[in-house]
Amino acid sequence: MSKACWLVAAIIFTAATVVYGQQAPCFFVFGDSMSDNGNNNNLKSEAKVNFSPYGNDFPKGPTGRFSNGRTIPDIIGELSGFKDFIPPFAEASPEQAHTGMNYASGGSGLREETSEHLGDRISIRKQLQNHKTSITKANVPAERLQQCLYMINIGSNDYINNYFMSKPYNTKRRYTPKQYAYSLIIIYRSHLKNLHRLGARKVAVFGLSQIGCTPKIMKSHSDGKICSREVNEAVKIFNKNLDDLVMDFNKKVRGAKFTYVDLFSGGDPQAFIFLGFKVGGKSCCTVNPGEELCVPNQPVCANRTEYVFWDDLHSTEATNMVVAKGSFDGIISKPYSIAQLAKE
């Protein structure tokens with residue numbers, strides 16, 4: 001999406017999306033730290049944020065969300081008419097499987113070894129196993145599952161905490177960017193097939209953002225001032241393959257209504273200036289050199305709605321709102337808007 005399109009989007013975003021009642025019977029979330037809302041809190045992991053200043057602008061304070069406030073699935077849930085936030089699997093009651101659960105886990109990836117240096121995490125394979133267990137125990141009817149809304153946002157860590165991290169990983173030495181993207185798509189395809197077998201029909205599949213423009217990667221793979229072209233070019237290959245995979249599912253898989261959410265196009269932080277953001281290349285919270293998460297109980301910026309990034313890797317609630325509304329309204333999703341998936 002061009003910067004001009006983002007400017008148009010900014011105008012559209014000023015109008016509130018009106019939703020009359022809950023649009024889907026249930027909402028299930030899969031993914032990594034962009035979606036995690038507390039599943040990592042009790043794991044032996046460095047990828048958890050159940051401390052201040054995370055949750056600085058969230059009603060319940062620090063809950064394990066990797067942001068100052070609401071995440072993308074939080075906002076999509078609200079836009080879809082859900083009155084309550086979808087609970088994390090780690091804290092949900094069995095009956096919650098009838099209305100939705102969030103299985104996402106910070107650090108998780110498509111590959112099992114991704115982020116292993118951070119400690120425990122729940123891989124996408126395990127997340128799907130948890131989902132199967134949940135809906136089976138709760139005896140959720142197949143007809144209901146087919147009407148539910150699903151979203152999956154996974155793959156960033158396979159680059160940040162695997163391919164572009166030489167130790168302890170060797171994937172970059174074994175694969176070209178094209179080969180690596182293909183290997184990830186093979187895994188992704190099998191998981192989407194499994195999700196479909198478990199009843200999913202309406203699925204929003206999120207592509208990867210320009211992770212080469214995150215403060216963390218700009219510092220480690222560039223000069224700290226400009227985006228890493230190497231990282232973004234590798235991600236672009238993955239996204240193209242994922243887009244093709246989603247379209248292929250819609251053509252060949254019975255009953256599938258999958259949509260691809262494009263987080264990459266127009267994703268250069270500089271483009272966010274057109275949306276009213278003023279700071280795109282550094283974190284809002286205090287981050288120690290060489291790290292990516294906020295330092296506990298340290299100062300944060302006062303003008304949080306003007307920052308793209310909360311810490312050196314994760315976005316602010318303001319950015320999450322832009323992405324959530326863009327995907328819900330169909331500005332950055334195809335062939336369906338999430339709004340269409342939710343109500344059909």
J.: Taking CG in Asp223 as the centre, count heavy atoms belonging to other residues, nucleotides or ligands within less than 6.0 Å. Is the count above 12?
T.: yes

J.: Answer with yes or no after comparing the ring centroid distance for Phe85 and Phe58 against a 6.0 Å cut-off, counting only values under it.
T.: yes

J.: Tell me if the centroids of the rings in Tyr180 and Tyr159 come within less than 6.0 Å of each other.
T.: yes

J.: Show me the side-chain donor-acceptor pairs of residues 275-285 shorter than 3.5 Å, one per line, residues at least two apart or across chains.
T.:
from	atom 1	to	atom 2	distance (Å)
Ser283	OG	Cys285	O	2.8

J.: Do the side chains of Leu263 and Trp310 join up, straight or via other hydrophobic residues, at under 4.5 Å, putting them in one cluster?
T.: no

J.: Determine the interplanar angle of the His131 and Phe30 rings, folded into 0 to 90°, and report it as parallel if under 30°, tilted if 30 to 60°, perpendicular if over 60°.
T.: perpendicular

J.: Quick one: closest heavy-atom pair of Lys216 and Glu292, and the distance?
T.: NZ-OE1, 2.9 Å

J.: Taking atom types as modelled, find out whether Thr114 and Asn157 have a side-chain donor-acceptor pair closer than 3.5 angstrom.
T.: no

J.: Exactly one of Thr316, Thr305, Asn68 should register a side-chain hydrogen bond (donor to acceptor under 3.5 Å, both in side chains) with Asp57. Which one does?
T.: Asn68

J.: For Asn42, I'd like to know if atom CG has over 12 heavy atoms of other residues, nucleotides or ligands within 6.0 Å.
T.: no

J.: For Arg65 and Thr63, does a side-chain donor sit closer than 3.5 Å to a side-chain acceptor?
T.: yes

J.: Would you mind checking if Lys334 and Asp243 are paired as a salt bridge, meaning a charged N to carboxylate O distance below 4.0 Å?
T.: yes

J.: So, Asp262 side chain and Ser265 main chain: donor-acceptor pair closer than 3.5 Å or not?
T.: yes

J.: Check for me whether Arg111 meets the cation-pi criterion with Tyr169, that is, NZ or CZ under 6.0 Å from the six-membered ring centre and within 45 degrees of the ring axis.
T.: no

J.: Supply the atom-to-atom distance Ile76 CD1 to Asn320 CG, rounded to the nearest 0.5 angstrom.
T.: 9.5 Å

J.: Is the closest side-chain donor-acceptor distance between Ser33 and Asp36 under 3.5 Å?
T.: no

J.: Considering only NZ, NE, NH1 and NH2 on the basic side and carboxylate oxygens on the acidic side, decide whether Glu317 and Arg304 come within less than 4.0 Å.
T.: no

J.: Between Asp120, Asp32, Asn39, Asn40, which is the residue that forms a side-chain hydrogen bond (donor to acceptor under 3.5 Å, both in side chains) with Ser105?
T.: Asn40

